[in-house]
Number of protein chains: 2
Amino acid sequence: MLASGRGDAYCGYRFREHGLRILLIEDDAVLGEAVRDYVAGLGHAVDWMQTLDDGRTAARTVDYDLVLLDLRLPDGRGLALLTELRRAGAVTPVIILTAHDQISDRIEGLNSGADDYLVKPFNLGELGARMLAVARRYAASSLPVLEAGRLSIRLADRRVLRDGEPVDLSGREWAVLARLANRPDAIVSKGEIEEALYAFGSEIESNTVEVYVSRLRKKLGKDCVETLRGIGYRLGR
Amino acid sequence: MLASGRGDAYCGYRFREHGLRILLIEDDAVLGEAVRDYVAGLGHAVDWMQTLDDGRTAARTVDYDLVLLDLRLPDGRGLALLTELRRAGAVTPVIILTAHDQISDRIEGLNSGADDYLVKPFNLGELGARMLAVARRYAASSLPVLEAGRLSIRLADRRVLRDGEPVDLSGREWAVLARLANRPDAIVSKGEIEEALYAFGSEIESNTVEVYVSRLRKKLGKDCVETLRGIGYRLGR
DNA sequence: GACAAGCTGACAGTCGGCTGAACGGCGCCG
DNA sequence: CGGCGCCGTTCAGCCGACTGTCAGCTTGTC
């Protein structure tokens, strides 16, 4: 699968850094939810399955761009699914999630065709970084750069330039911007941004989104984000 | 991923004298351990695999800088792996380890694309020397000099200049810097740096990476390394 | 004008990261 | 052999960035 990168077979393969279809197979409710929300916040579409069976079905049905696979599942070993997929010729990149005491699993996982692994408990930011790395490995080159007014937003390497000058953004700030930049021209509701920022359960009862929009504007300029009163926000132009 | 298709910013081959990622494929426990410890002591990160299968997986997945390959393995001949790699277009230097009675293997090995060989039992110092020699041979093929702010990082000869002045770095310090310099613009998570430092299994639970980043900053200037809170580090601009 | 929706400055708590200091191992040198 | 210095690692305490919240203000709509 990793084989010769530019081979004809892969010519059509495109790895975008956002808007990916991602399959998450993880039985732990808390971790699963956290990962799902985080990854969704990066602008990807996440299907979260909690059993091996569901995961298998999903993987067979949908053409995912990336699979996040827990190795310890209630109804079987995740490794089995991985080998199965590879045997069936799937080239989809797979990142394995393991507990920290399962070194042998990790080796076996790489053996079975995984592209990378993460050791639990892991930092969500690190997950993002690994995903990017795997993405890079697959992407021929050319990072998507979004030009919006005086800004250029480089989703791939998490950078924003204003008039060519790099601007420092905090994690949340970037998350909000990325959520907007993910679909330029689209209107994103406050609720959607909130969902991208926080895990499902964590009820937030304040104007956090507004605050972050405000902070973004201070750093990036008034016009960087457009307000559509009563509807949501949109990336400025 | 020894294989060819290297999509991103790696231009050309790189060989440093410290902080290399080295793959050791050797089934003998005693010898393996000795070599691993010795090489790790030189400041490299060693992944030690005891079977051909694991070795193959590792070699395909990770970008090693050097492979130490025993030719007699429980589950097959090391030579097969070597030819396989070469056929896949891998340029990673390979040093072969053979018993003293396997002259034909040695010849065949060099024929198959090995860069050097060592006859068991060998002196660890000699191993070091061979590694250096191979390193030099590759370094000669001119590596890019990375310019990052006031720094120029010469991966080829393990040197860093700050405003043109050479700076002395210790082994680990260099390893961290090199890991970052390997992929300029990419965000490297703390875990990845740790991996580059300590190889697979050795779980380290302290802030070593932070310490080295701190020391690097002291020597190279505040801005040489950028912190992305909760995510990782990146080479300064 | 009245009301709703959105904006923003301020603030305190928290968490991650930074760094000085100390310790032990190792090699080098006298 | 003993002393010395460098290096790697650990630890603890400090520090600052980031965050969520709120109050009071502005803007927009009817």
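In what follows, every chain begins at residue 1, and chains take the letters A, B, ... in the order their sequences are listed.
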Phosphate-side-chain proximity, A:Y212 and D:dG20, N/O vs OP1/OP2 below 4.0 Å: yes

Check the distance between C:dG17's P and A:D168's CG and give it to me in whole angstrom. 15 Å

So, OP1 or OP2 of D:dT19: does either fall under 4.0 Å of a side-chain N or O from A:T208? no

Expressed as a whole number of angstroms, how long is the span from A:I193:CD1 to C:dG6:C1'? 13 Å

Are the side chain of B:D28 and the backbone of B:L31 linked by a donor-acceptor contact shorter than 3.5 Å? yes

Length of the line joining B:E194:CD and C:dG17:C1', which is rounded to integer Å: 14 Å

For D:dT10 and B:S206 - does any side-chain N or O of the residue sit under 4.0 Å from the phosphate oxygens OP1/OP2? yes

Nearest whole Å is fine: how far is D:dT19 P from A:L216 CG? 11 Å

Of C:dG20, C:dC7, D:dG8, the nucleotide closest to the side chain of B:K218 is C:dG20

Flag, side chain of A:R215 to backbone of A:E173, donor-acceptor distance under 3.5 Å: no

One thing to verify: whether B:R72 and B:E26 come together as a salt bridge, which I'm taking to mean a side-chain N less than 4.0 angstrom from a carboxylate O. no

When all nucleic acid strands are considered with a 4.0 Å heavy-atom cut-off, which category describes A:R229: base, sugar-phosphate, or nothing? base

When all nucleic acid strands are considered with a 4.0 Å heavy-atom cut-off, which category describes B:R217: base, sugar-phosphate, or nothing? sugar-phosphate

Quick check: do B:Y212 and B:I193 have side-chain heavy atoms less than 4.5 Å from each other? no

Distance col, row B:L68:CG vs B:M49:CE, nearest 0.5 angstrom, shows 13.0 Å

Choose from C:dA10, C:dC7, D:dT10 the nucleotide whose nearest atom is closest to any side-chain atom of A:S214. C:dC7

Which nucleotide in D:dC7, C:dC7, D:dT21 has an atom nearest any side-chain atom of B:S170: D:dC7

Ranking C:dC11, C:dT19, C:dG6 by distance to the side chain of A:R215, first place goes to C:dC11

Quick one: on DNA chain D, does A:R172 or B:E210 contact a more 5' nucleotide (nearest heavy atom)? B:E210

Below 4.0 angstrom from OP1 or OP2 of C:dT19, is there any side-chain N or O of B:K222? yes

Gap between atoms CD and P, on A:E173 and D:dA17 respectively (whole Å): 13 Å

How many Å lie between CG on B:D37 and P on C:dC26, as a whole number? 11 Å

When the distance from CH2 of B:W174 to C1' of D:dC7 is rounded to whole Å, what number comes out? 18 Å

Given 3.5 Å as the limit, does a donor-acceptor pair link the side chain of A:K219 with the main chain of A:V167, or not? no

Rounded to whole Å, how long is the line connecting atom CG of A:N207 with atom C1' of D:dG24? 12 Å

Just to confirm, is there a sub-4.0 Å distance from OP1 or OP2 of C:dC7 to any side-chain nitrogen or oxygen of A:K190? no

Let's see if you can work this out: which of C:dG20, D:dA23, C:dC15 has an atom nearest to the side-chain heavy atoms of B:V211? C:dG20

